[in-house]
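Here the structure is laid out as structure tokens; the discussion comes afterwards.
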Amino acid sequence: EFEEGCSHQRHGGRQASPAAMSGNVEYGLVSDDYVVSDDYRRDPSYPVRAGAGGGGGEGAPLLAPGGQAFATTFTQIEHVSIQTPPTAQPSLIHIDGKPVDAHRYEFPGWVPPNELKFETLEPVDRNTLHHPTRGTLNELYSTAICGNDLTSSVLYVIGVTTTMSGQLAPLCLLIVGFVLYLFKSVYGEAGTAIPLNGGAYNLLLNTTSKSVASLAACLTILSYVATAVVSATECMTYASNLCPWIDIYWWTLGLLGFFCVLSVMGISESAVVALGIFLVHMASMVFLILVGGVYMLQNTEIFANNLREPLKYDWPLAILFGFCTAMLGVTGFETSANYIEEQQKGVFPKTLFNSWIVVFIMNPILSIVCLGVLDLGTLEAHHRDVLAKTAYDAGGKYFGLWISADAALVLAGSVLTAYVGVVGLVRRLALDRCLPQVLLAENRWRRTNHLIPITFFVLCASLFMILGGRVRSLANVYTLSFLCVMALFSIGNMMLKYKRGRIRRPVRATWPSCFAALAAVLIALIGNIMLAPGHLIYFLLYFGIVAGITIVMFERIRILKYFLYLVSQGPVHLQDRFAGVTQLAMDKIKSQKIVFFAKNDNLEVLNKAVSYVQSNELTKWLKVVYVYDDLSDPMIKAIAENLRVIDRCFPKVVIDFVLVQGSFSPEVVAQVSARLGVPRNFMFIACPGDRFPHDIGDFGGVRMITH
């Protein structure tokens, strides 16, 4: 059938053939540069790193002379263009009053090797396979970045927990420490199985659908916005106690702007600042424990009197409500998963352990110290600055000022953590086209994605100004969004166990641990809603705004189709003006090529791969790649024939078959990425087995299909 109806001339695949010149086929296979003028990645304005050659994952310059990988042979069996049948749906596009029909394409099936044109792919330099910041953070820097956010919560969590549970606050904080121990293994398993930036978004992206993953991303972004604004405001509140001349409103905006500039400079510089803040804070807390402990031993009656005070609620409810509020003491634990690619190999589980041990030991002990220095009435009255008050009573005025200064410093560190986390997450979302790709633009000075922190600053600053500096509603949003993210992470890890059980990972969480962690977070989430039902309204309002932006990005093709239909019903001059432009915009969006690496000719897997791409990606172009050892491999013909069947089942998807000689490896994936101009985060594989010799993170963002 191919020889009878599809002889053609091509630009890099099958050689020219002077065959029959009749029928419904437009002779000439469409080349790999199909709709090149509509391909936004080849537009001069598309942001790529200097030296980048066409796609190549994250914009890194993949092709370099003197590369270390072996050259591979490359060829393609591409789709052919056929005429639109007379029975096709009439075109909605009219230019100059005449209907314009879009082409239809068909995959020809197997082509004999002697009719294919082969080319050699250039070798790659392994040093350019990943983003320059990958693996730059050691254990200490990685712990400091998330530790600032995590340990800053002790400044307020002890006071609010004591308000709810009284003298049972240390017990509630200890229970939270055990819950965090469960999440240490949950986060550890997910992060070591799929070591890519994005946190809950990346986990759900590889285990569920892109839309579900995007909801988790919206919650995480919302959490970062709330963290930055609330922490900056509280920081300046503490600072104003030290320097009364500070204007909280303008200095809060200034602090947000300062960390925006620091983020533009790069994560290494941010990590140095974060480490300094973290070390000063930990030293201050240790010294506070020592000074408070000595004061306790000298005034034992304070602690004894507090133990005799009646509880506000019956002890089960006191523990429950105390636990719900004490869960705020672990906010920031999820941050480490959003910059996992920047951490050195093997550091991520250590970062989780370090964060857990600090919270598990420090929070309950500090709570006991506060109960031994302050009576319950004073403690509740100073619940927002309880540590500063404790330091003032136990060590004097200047020690109290020191702790206040430390509080301001570590809260500033929380703002920095929010910037670091959001840069990693938004960069991943932009790469996946969940957010505008203009955010990926890099500056020549530091080679950082400067538009991400700048946009985040504008968002936080505008929100702060809209609220007039009154950020209480944002604090409530922070609580619920953080707990929702942790719940989604638990669910995502369960899906990882069920659907991706064969992936090799050094850390494994047991099923009871996963269920117990999820149950604990759901209890805390429901409990916080019960304690303050009005907070749910603010949460839904802010979440709706963030989610709305993502939904528009996902549904922009549908929105453009509705607009095109409305234009088609209007006057001819409107059709002439808008119809063609709208169709070109749709073609530009859908021109993104998607690559699936097929392991064999399994028709079910191939079918589900096409279904997954059609359901989750805004594209009409799929390239199926098979890496082979020898052209005599019978799998080549079998895959080609199966793709012809699938092509007829999915008429709206354009399918090509790419053959690459070699062995499947990160270097080969990078070569294919550079040759096809397809970023590696738009490449898919089926779930690898436990004998797979590579880590998923080595492939620069290659994703796994759901099947």
Side-chain angles (χ1 to χ4, degrees), residues 149 153 156 160 199-201 204 210-234 237 248-249 252-253 256 324-325 327-328 331-332 334-335 338 384 414-415 417-419 421-422 425-426 429 434-436 439 452-489 491 521-556 558-559:
D149 193 6
S153 59
Y156 51 83
V160 295
Y201 165 77
L204 293 170
K210 200 170 184 178
S211 56
V212 174
S214 297
L215 292 179
C218 292
L219 288 168
T220 307
I221 292 175
L222 188 59
S223 176
Y224 282 137
V225 170
T227 299
V229 176
V230 173
S231 296
T233 306
E234 291 296 322
T237 301
I248 295 177
Y249 184 89
T252 297
L253 294 176
L256 291 170
C324 293
T325 54
M327 280 297 290
L328 295 178
T331 52
E334 79 287 357
T335 304
N338 283 317
R384 293 188 63 182
S414 295
V415 181
T417 300
Y419 271 99
V422 84
L425 176 60
V426 171
L429 290 171
C434 297
L435 291 176
L439 294 171
I452 298 177
I454 291 174
T455 303
F456 185 67
F457 165 73
V458 172
L459 177 62
C460 292
S462 58
L463 185 58
F464 177 77
M465 289 186 287
I466 290 172
L467 295 174
R470 296 180 293 273
V471 298
R472 182 174 179 81
S473 62
L474 269 183
N476 303 331
V477 169
Y478 179 38
T479 303
L480 298 182
S481 58
F482 159 73
L483 293 173
C484 286
V485 169
M486 294 198 76
L488 287 175
F489 215 103
I491 295 172
V521 170
L522 291 178
I523 290 172
L525 183 61
I526 295 172
N528 276 284
I529 294 175
M530 291 175 58
L531 287 171
H535 297 176
L536 186 61
I537 299 175
Y538 290 107
F539 169 75
L540 294 176
L541 176 63
Y542 286 113
F543 176 72
I545 295 173
V546 178
I549 299 173
T550 305
I551 291 173
V552 168
M553 290 296 297
F554 266 107
E555 299 295 332
R556 57 189 185 273
R558 192 184 304 274
I559 294 172

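We count residues from 1, following the sequence as given. Please read these numbers as outputs of a predicted model, since none were measured by experiment.
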Counting C-beta onward and ignoring hydrogens, is there a side-chain heavy-atom pair between V426 and F456 closer than 4.5 Å?
no

Under 3.5 Å, side-chain donor or acceptor atoms of residues 523-530 against the rest of the protein: list the pairs with distances, not counting sequence neighbours.
residue	atom	partner	partner atom	Å
N528	ND2	C324	O	3.1
N528	ND2	A524	O	2.7

Residue pairs passing the salt bridge (Lys or Arg N to Asp or Glu O under 4.0 Å) test with at least one member in residues 529-556, sequence neighbours excluded, are E555-R558

Which donor-acceptor pairs under 3.5 Å do side chains of residues 462-469 form with protein atoms, sequence neighbours excluded?
residue	atom	partner	partner atom	Å
S462	OG	V458	O	2.8
S462	OG	L459	O	2.9

More than 12 heavy atoms from other groups under 6.0 Å of CG on L540
yes

Using 0.5 Å steps for rounding, measure from the CG atom of L429 to the CD1 atom of I452.
9.0 Å

When the side chains of residues 214-224 are checked against the rest of the protein, which donor-acceptor pairs come out under 3.5 Å, sequence neighbours left out?
residue	atom	partner	partner atom	Å
S214	OG	K210	O	2.8
T220	OG1	A216	O	2.8
Y224	OH	N338	ND2	2.5

Shortest non-hydrogen separation from L256 to V415 and the atoms involved
CD2-CG1, 4.0 Å

Nearest heavy-atom approach of V521 to M327 is CG2-CE, 4.4 Å

If you take all heavy atoms of Y419 and P453, which pair is closest and at what distance?
CE2-O, 3.6 Å

Listed by chain and number, what are the ring pair (Phe, Tyr, Trp, His ring centres under 6.0 Å) partners of F482, not counting sequence neighbours?
none

Salt bridge (Lys or Arg N to Asp or Glu O under 4.0 Å) contacts touching residues 220-229 (sequence neighbours left out)
none

Residues T417, T227; criterion side chain to side chain contact (heavy atoms under 4.5 Å, CB included); working and verdict:
CA-CA 9 Å; T417 300; T227 299; over 6 Å; no

Evaluate C484 against F539 for side chain to side chain contact (heavy atoms under 4.5 Å, CB included), listing each step before the verdict.
CA-CA 11 Å; C484 286; F539 169 75; 4.1 Å; yes

Side-chain touch Y542/S481, heavy atoms, less than 4.5 angstrom:
no

With sequence neighbours left out, write down each residue that passes side chain to side chain donor-acceptor pair (under 3.5 Å) with T325, or none if nothing qualifies.
none

Min side-chain heavy-atom separation I248-T252 under 4.5 Å
yes

